[in-house]
Each structure stands twice: as C-alpha cells, then as structure tokens.
Amino acid sequence: MRKALARQRLVACTLFAALAFNAPLLWLFDTAVAVFGVPLVFLYVFGIWAAVIAVLAWVVEVGHR
Amino acid sequence: MTDTKKILIADDEPNIVISLEFLMKREGFAVSIAVDGEEAIDKIRSESPDLVLLDVMMPKKSGFEVCQEVKGDPSLAATRILMLTAKGRDTEMAKGLALGADAYMTKPFSTKDLVEQVRQLLGLTA
Amino acid sequence: MLSGSVIVGASFAYLVVLFGVALYGDRRADAGRSLIANPWVYALSLAVYCTAWTYYGSVGRAATAGLGFLPVYLGPTLVMGVSWLVLLKMVRISKAYRITSIADFIASRYGKSRLLASMVTLVAVVGIVPYIALQLKAVSSEYGLLTGAHPGNAGDWYRDTALYMALVLAAFTMIFGTRHLDATERHEGMVAAIAFESIVKLIAFLAVGVVVTYFIFDGWEDLFVSAAIAPDLASLLSMDNVGSKADWFALTVLSALAFLMLPRQFQVAVVENVDERHLKRATWLFPLYLLLINIFVLPIALGGMLRFPADVIDPDSFVLTLPLSEGYATLTLLAFIGGLSAATSMVIVETIALSTMVCNDLVMPLLLSNARFRRWAPHDLTGLLLLIRRGAIVVILLLGYLYFRLAGQAYALVSIGLISFAAVVQFAPALLGGMYWRGATRNGAVAGLAAGFAVWLYTLLLPSFAKSGWLPMAFVESGIFGIELLMPERLFGFDEVNATTHALFWSMAANIGAFVAVSLWRPPTAVEAGQASVFVDILKREPRGAARFWRGQAKIDDLLALLARFLGAERVRANFASYARSRGVEYIEELEADGDLVHFAETLLAGAIGSVSARVMIASVVQEETLGIEEVMNILDEASQVRAYSRELEEKSRALEAATQELRAANERLQELDRVKDDFMSSVTHELRTPLTSIRAFSEMLLDDPKTDLAERKRFLGIIVEETERLTRLVNQVLDLAKIESGHAQWHETDVDLIDLIEHVADTAGQLVKSRRAQLLLDLPPAVTLLRVDRDRLIQVLTNLIGNAARFVPEAGGEVRVVLRETADAVRVDVCDNGPGIPAEAQAEIFEKFRQASGSGGKPTGTGLGLPISRQIIEHFGGHLWVSSTPGEGAVFSFELPRTLASPAAQTAEAS
C-alpha cells in the first residue's frame, strides 16, 4: 500500500508542476521585479523546477520506506 | 510405646481445630496447634512433632508448601504428614502425595478413620 | 581560431575514448558484471535527449525568445513524474515480449501487423532524418566557424566536412551498434558510452556557462542588469518573446510526447533498460540533469547578445564564439567536444534504433515472406541481419546529409528539431491508446498514423522544403491549387499560433480522429483482442498471456533449426535448455511443443529480428489453427473469471481467517468462563465441606462417647448449630448470587426513602456493632429523593456493608459511620470504619467471590459472597459500589444510585 501512496504522490506532484509551468500561473510572475538583477519569472521557473525534482526524489528514494 | 506421641494440628478453621484437638487428646496424644502455614513450619521445627495434621487451604503458606518444605529438610524426615483438604479433587490428592505427604484425607472425614490412619502412621497398630 | 588539425585530432581522440568506454562496457557485460546495471547509468543514458539542439540551439532560441527554449525540457520532466504510469508499462511489455523498437512495439500491439511495422518505420525514418541533419549541421558549422571553413554551401560535395562527419559517424555507429555477431536487442557498451557522453556534454556546457557568467561577465547580476538596460535585450528577460501561451503549452505537450516516442529515447529508456527499478532513480535524476544543462542557457545567450553586435554572429554558436572571442582556447575546444558529444550520442543511438527498425520491421518481413528468398537464403542468417543493419545505418546517415544539403541551411537548429518532434508524436495515439484502450484496432492505428503523417508532411515538412527553395513557395503562400483554406501553415484559416503548434494541432486532430473513428468501426479481431489484453493488463498478470491464444502443432526440432539460423545453434540450445529446466524437464527433446514453448521460441526470435518477422518465421514452421474472435473472447472471459474468482477466494479466505480469529477468541472466553465456573464450584465445595467437617466430627464424637460431660456436650452442640447456620447462609447466598447473575432474581421495586431505610438497618445491625463494643454513627440529611428500588435488596447491601465494617473495627474505640449525601445526579451512601484498612492490591480482590480480607480476629467469619452480591445488586440499579482505603486509617465502602431512579411521584413533586 505504501507503493500506491508513493504513486499518488508522484501524480499529484506532476499535476502541480504541469499547472505551475503553464499559463496562467507562469505569466503571473512575468513582472518587472528582479532579485539581485535576476528576473522573477526566471527564478520562479527554476525554483519550482528544483522543488518538484526535490519532491520526486524524496518520494521515490525516502518516502516509500 | 514408651513416650507420648506429639501431634501438630495445622488448620485455620477454629471449630475444626477444636474437634481435632479433642479427638487427639482423647487418644492420648500431646497436641499443639498452628493456625497458618508459617506458624506450622515454625512449630514443626521447634517442637518436632511426630505427626502433622495439615490442612491444605491455609493463610500465608498453603499445606502443599509446608509439606514440600518439611519433606525437603532431612532433619525433619521423621515427621509424618497427614494432609486434610476440603477440596475433593483427585488432582489435589495426587499433588499432596507427590509432594511426600504420608497420607491424605478429604473433609469431612470419619473420626474413626482419621484416628485409625493416625495410629497407623505412628506405627501404633498392634 | 583553432587549427583544423587540432580540432580533428581532439575529436578523433574523443571518439576513441568513447569507443574504449563502449568496449569496456561490453567486456563487463560479457563477464556478467554489467556496467549499466546501475540506476545512475540508466538516468544518464536518458540524457541522450539533449542533443546538439540543446547544446547549441537552446542558446540560439533564448537569444530571440528568452525563456522560450524551456518547454522542450519541462515536458519530459512532467513525463518522468508519472514514469511509473507510462514508462514502467512500456518497459514491462517490452521485456516480456523482447520488443526491439518502437515500430516493433506498435506492430506487436496490433496483432504483429507487418503493414503497421513498416509504416512506423517509414514515418520514423522520414521524421528523424531532419533531426540527424540537425546534428550534422551543428557540428560541421561549428567546426567551420572554429577553422574558418564554410561548410555545407553549394560547393564541391567532396570538400564538405559534414559529409565526412556523416561517414565517420556511420562507421562508429556500426562499430557501436552492430559489432556483435549475435543480433540481440541490447547494446550494453553503447549505453555505457552514452552515459559517459552525457557527463561530458554537461560538464562542458556548465564550464562555458560558469566562465561566461563569472569570468567574462561579473556574475548573474551584472549579466541580467546589463541586459535589462540594453534596448533589444530587455524583452528577453520577460515572457514577451516566448510566443503565445497556447504555443508554450503546445510545445510542452509536444516535447513530453516526443520524449516517449523518439526512437532513440525508446531505445535507451525501454529496450536497453536492464532493471525496471532503475526508473525510480531516473524519475528525479533525469529532470535534475535537464535543469542543470538549462540553467546557463539564458546567461550565455544574454552574454553573446551583449558582446557581439547584432546579426554578426549566429546565436546558435555563442557557446563556442563567446569563449573563443575572449581567448579561452582550451575551453573552446572543450565546448566543441561537448557539442560533438551531444551530436554523436544522438546520431549513434538514433541510427541504431532506426536501423534496427528498418531491418526488423521493414526489410526482414519483406524478405522472409518472399518464397524465392527463402530458397536462396543462406542457412545462417545472422550475417545477413548485420549486413542489413549496417546498410541501413549508412543510408540513414546519408539521407541526413542529403536533407542538410537540401533544406538545412534555411533553418535554425530548433526549428529543424521541432519538425522531427512533430513527426514522431504521430506514434502517440496508436502507442499510448494501445496500452490503455482495448478497443483500439490495427486499422484504426494505420488510419490514424497515415492521416497524422500526411498532415505533418503537408503542414510542416513540405513548407520547410519550399522555404529552402526546393519547392515553389506558391503553395505555402496561397494554398495548394490557390485554395486559401488549404494554406499549409494556416489550414482552414487557423493562424493564431505558430507553425509547429499549428501542425501539431491539425496532425493530432486528424490522427486521433481517424484512430478512434476507424477503431470503433468494427470490433477488434481475435488477434487484436488477444494482444490488446496482453498489453493493457501487463501490470496485472504474469507475462505468459500471449501463449494462451495459440492453438496448433509444432515440432521442437523445427523450432530449434529455425532459431539457429538467426541466433546460432549453440545459443539457441542453451536458451532452450534453461527453459526446459524451468519447466522441470531434463532434456530439450522431452519438452512438450505446446503454446508456451512456441511463444517462448517466438519471443526469443523476436529479440533478434523483431516480433513481426518472428511471427512470420514461426508461422512458417508450425501448423497453427486460427482462433476465432469467439474463442479469444472466451479465453479472455475465462481469464477474467479466474481473476474474479481468485479475488473472491482471497476475500473468502480473509473472511474465514477473521471468523477463525473470532472463534478462537470466543473459545478462549469460554475456556476462561469454564475455568471461573470450575474455580467457583471448587470454592463452593470447599466452603460446604468445611462446616460439614466440624458438624460430622462433633456429632461422631458425641455419638461415640455418650458420657461426655454436660458442659462439653453443650459446647459441641453449640458449634454444630453455628456451623449449620453457616451452611444455610452459604447455600442461600450461592443461590441468591446464581439468581442475580442469571437474571432470574425477583425485584420488588417500591418508592424507598433511604433515610428511613438506613435508620431501619441501623436498628437491626446495631446489635452486631454493639456486640463488638463499637459505636454506630449516622450522618443523614433532613430529606432525600425517593428512589424506586427493591427495599429488601438495599437492606441486604447495607446490612452486609455495616456487618463487614463491624468485623474489622478495633477491639476498643471501634466506630462505624454511615453517611448519606445527595449530589446533582446521584444519591451516595458511605460506610466508614476505623479498622486496619485494605491494602491497595487487595481492594479489587475483595469483590471476587470467596475472597475475604483477614479481619482483626484471624479467620473471617463471612461466606466470601457478601460483597459480590452487594455489587451485583447496586449495579442492577445502574449504580456502582467501590471501596477506598488507606491502610491504617480504615476503609470506606461507598455506593451511588443514579437519580434517574427517582420515583415518578418524586419527579413530579420536583417539577412543580
């Protein structure tokens, strides 16, 4: 049953990523704001990306134990 | 039959003690009394009776424990034990005999039988 | 500038190293210590997704579209997140049936259809050729850029570096992919080399990124701030240039599907997978790889745009030109090697995958179904297989070169790549649909693929030819035959999206539409239904499914001889021997030539020549009955019935287990009750015999000796009477308890005033207290609620409690106190004594039957049933009875009766 839980987590995480990487969410961060010169939308995409990878890694490597 | 045989009555029922005491005295034995298991052990050691009328269900130490202790002690090996119990199960009897009791009687007993059994154990039957 | 010889030398040196890695990988595989049986290697091999397009093209794309290069990598990230849903199924199917390519996979699903296999192969070749051209273009133009040559122009073909590169790569691919004489579907050495290349290209790209960002510029802030104030670049920092939101979404979907459908991805992710558990690591490691290789794309693009004047340098080459112009010669060489690495890995895997398809799914089925070929063919066909594959490799690479010469110049790298992506996603409906939809049919798949491919050709490939000048532009600009509705890049006037999205939409619409519509035209045939159930249910059932659908006769010798022609006699015998052992048979000859064996042989053969050819060959040596759809459906029904039945059985056995558990518990309870009853009987026996003993002894003594003196006689008779009373009491109480416990007791409920009742008991029980020279004190309120209870029973309880208390008070100064109090919801009575108290451990025990606390006078005189009976009585009325005591300070027995017992009369009185 732990396996099924891990799979549901993976699907949920993927759905979230699909939502976050597309309109309208992505375009909400398309502003003139910059952090240390780096545009917010750049930080947003790579930040979410990294977070999604971290969650995937946790689910498959640690979470199901 | 030179000296008087000593009998210890160990029972916690006062009325039974009274009856046994009367019965034994009538037969000419010297009688002492204990009302619980510990007292029984003490008196067996201090007075070294020839025979103990030992009730199974007693406070502090059961008759089985007393019997086991007496039979485990070589210095008390000469002490005869007649166990009395109100619980009439066969297992009880077997247990008592296995622990080294010399005889076993269930309550209520016939006074005649008891006296006879006591005399036999003491080697007094002619 | 770097000299051509240095670059060529370094490139060759690199290829030699690569070959070394592959050789080492193969050696390890032969030695049984597989290098690639490792989740890290598997994840890295997936990075063959990142080609020269990624390496050079992403930067070029970023230079005009900002973050617009990203969806191509976000799509695969999403796919990996649900890899267990899609990839795992593909891997498992492919392992069970030794699938050798994506064409094999699709054809196999639809009844090992030859037509479908060759269609998929053709679409793949046509679709992928531009992609291979892209790699050639990238490497040769970067080479030209570094050395100053001008590649790929209309000059003499024999001086074109791209041609030589194509030939060199063809040679390497042959070495990598078809080095072995035995034709199997797996290439361990190649996978090891691909994983190695993935590391090289990542390190090279990151090195360029770091140098550009931190050495050529002064960090991220410097780069981004400089770009923000440059008039042309500011828009790259926002989403302004990425195209429409629909394009972004379409590109994400396109790349997600292409990631699954590209022949080389299918090769590394599915065919070369050695252990499906490796998917777990890849789930996050491959997306991480994508993130890392993309993080410096925008900085490099911005750097190039800031450094070079507009339109002088092709942004596709910034990865090289930036370090080159700043004098980083070694880094430039490393960057070139990285790009070469990206291109070669793609070309090698893609070409191996395509050549396998061409051989197994196009050429072999054609040859094998040709009667003349069968007569003419040599006995040992392994050499022929390798020959066909090698020929296919050369042809495919030359086609790539041809496309590069014809159309490659007009396009940026990314645009060429997208043409290929759009082609391979045409497989998606048939492949994915086939894995989840039982109703999909071969005709549906053929129709969908044909329709989708046709639309792709018309909307994407032909316009690319036109723009390169090889076709007239007229049909692009005004539609075929001048019909504007048919303009290839704005079909039916749909022009809100870019050309790729446009082609994707229309081709997918046509593809899925035809696939579904034709599939639904008629029910699946027997073969289709069988394969459908095998594919759709792969995760649910053991992978022998297909054998169930085979009926016929076969001879083992025929099968052995056939397989030996493709696989070599020795290998075949070894495989059959281990199969025999798994069936518990010692010799191959003893094997039963049943459906399972035929299926085993066919699968073994499929690993070498693909499922379509294997089917043709096996069919040629065995006599088969064609199963009707009815029979297949029956087998499937049976299977599902068996499944349902076994589920039912499982449930039943679970229920049985639960019932057994309950029974066991009940039995234990019964045994416990039995033991309790036994103990009770034993206790009753004891309690009866004890007084009888005295009675008998004294009676006999009086009988024996009539001359007993009068005082003694009186004393003995007194004892006999006393013991007789005790017996009577005991018998009464045992009966009483039995009645209460069994629920047969009679209860006479009346309105009882507890004050009255306590005073009554005090009168009768007072004698007993006084006989102990103790005092009985009452502490009563002026009035109390009337309770509807059994008066006599309560008297019994109270008498028992007071009697108990009296027995335990000290000889001098004894005191028994009865307190009555009324609380909000109960009436409470406390009976307190100043006796020795009851130790905590005995407080629960005294409520058990025949357990008595020792009073001050040695042997207690009760029966040992008073308290249990009292408690039963109080609990009968919904109250409770308990004791609290501190040893040395007396004991308090208390009971509470709930006010819900209040008599109706009292309740009305209270209400008014």
Side-chain angles (χ1 to χ4, degrees), chain A, chain C residues 39 62 66-67 70-71 73-75 77-85 88 218-229 234 236-240 242 244-253 256 277 279-292 294-295 297-299 302:
Chain A
M1 286 305 101
R2 301 291 294 166
K3 201 169 170 187
L5 181 64
R7 289 177 167 186
Q8 291 167 47
R9 285 174 175 164
L10 291 175
V11 170
C13 182
T14 307
L15 288 177
F16 164 77
L19 210 63
F21 288 151
N22 275 291
L25 279 184
L26 180 52
W27 268 260
L28 295 183
F29 293 84
D30 184 22
T31 61
V33 179
V35 182
F36 297 113
V38 183
L40 185 63
V41 68
F42 185 91
L43 290 176
Y44 169 80
V45 172
F46 281 89
I48 294 285
W49 201 353
V52 165
I53 290 167
V55 173
L56 293 178
W58 179 81
V59 172
V60 299
E61 302 286 349
V62 187
H64 68 278
R65 258 173 231 156
Chain C
L67 288 176
L70 268 184
Y73 307 96
L74 297 179
T77 299
L78 299 180
V79 171
M80 287 315 289
V82 288
S83 58
W84 65 268
L85 198 69
L88 178 66
D218 195 14
W220 291 78
E221 192 168 1
D222 178 33
L223 253 176
F224 278 102
V225 172
S226 310
I229 47 178
L236 297 183
L237 303 183
S238 69
M239 299 293 281
D240 295 350
V242 302
S244 73
K245 290 163 188 171
D247 288 335
W248 177 284
F249 176 74
L251 193 52
T252 311
V253 173
R277 283 171 301 180
L279 270 175
K280 278 182 9 186
R281 183 71 44 84
T283 295
W284 61 271
L285 191 57
F286 176 63
L288 181 63
Y289 185 97
L290 293 180
L291 184 146
L292 289 177
N294 277 296
I295 197 133
V297 167
L298 195 58
L302 294 177

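We name chains A, B, ... by the order of the sequence lines, and we start the count at 1 in each one. Excluded from the calculations below are hydrogen atoms, water molecules and symmetry mates; all remaining heavy atoms, backbone and side chain alike, are included.
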Tell me, side chain or backbone of [X] under 4.5 Å from chain A's heavy atoms, or both, or neither?
{"X": "C:Thr252", "answer": "side chain"}
{"X": "C:Val79", "answer": "neither"}
{"X": "C:Leu251", "answer": "neither"}
{"X": "C:Asn294", "answer": "both"}

Option in C:Leu285, C:Leu290, C:Ile295, C:Val82 with maximal non-hydrogen atom pairs under 4.5 Å from chain A:
C:Ile295

For A:Val45, is it the side chain, the backbone, both, or neither that has a heavy atom closer than 4.5 Å to a heavy atom of chain C?
side chain

A:Ala54 versus chain C, the contacting section by heavy-atom distance below 4.5 Å
neither

Looking only at heavy atoms, which two atoms of C:Leu88 and A:Arg7 are closest? And how far apart?
CD2-NH2, 3.6 Å

Closest approach of A:Gly37 to C:Phe224 (non-hydrogen atoms, all atoms of both residues)
O-CB, 3.0 Å

Atom pair [atom1]/[atom2] of [X] and [Y] - distance to nearest 0.5 Å:
{"X": "A:Tyr44", "Y": "C:Leu67", "atom1": "OH", "atom2": "CG", "value": "12.5 Å"}
{"X": "C:Met80", "Y": "A:Leu10", "atom1": "CE", "atom2": "CG", "value": "10.5 Å"}
{"X": "C:Leu78", "Y": "A:Leu19", "atom1": "CG", "atom2": "CG", "value": "10.5 Å"}
{"X": "C:Phe286", "Y": "A:Leu56", "atom1": "CZ", "atom2": "CG", "value": "13.0 Å"}

Mind checking whether C:Leu237 and A:Phe42 have side chains closer than 4.5 Å, heavy atoms only?
no

C:Tyr289 vs A:Ile53, side-chain contact (heavy atoms from CB on, under 4.5 Å): CA-CA, chis, key distance, verdict:
CA-CA 10 Å; C:Tyr289 185 97; A:Ile53 290 167; over 6 Å; no

So with a 6.0 Å cut-off around CZ of C:Phe249, is the heavy-atom count from everything else above 12?
no

Kindly say whether C:Leu74 contributes a backbone atom to a donor-acceptor pair with the side chain of A:Trp49 at under 3.5 angstrom?
no

For chain C, which of A:Phe29, A:Trp27, A:Phe21 has the most heavy-atom pairs under 4.5 Å?
A:Trp27

Let's test your reading of the structure: which of A:Cys13, A:Ala34, A:Pro24, A:Ala18 forms the most heavy-atom pairs below 4.5 Å with chain C?
A:Ala18

Evaluate the side-chain contact (heavy atoms from CB on, under 4.5 Å) criterion for residues C:Met239 and A:Leu26: first the C-alpha distance (whole Å), next the side-chain angles of each, then the deciding distance (0.1 Å), finally the verdict.
CA-CA 9 Å; C:Met239 299 293 281; A:Leu26 180 52; 3.6 Å; yes

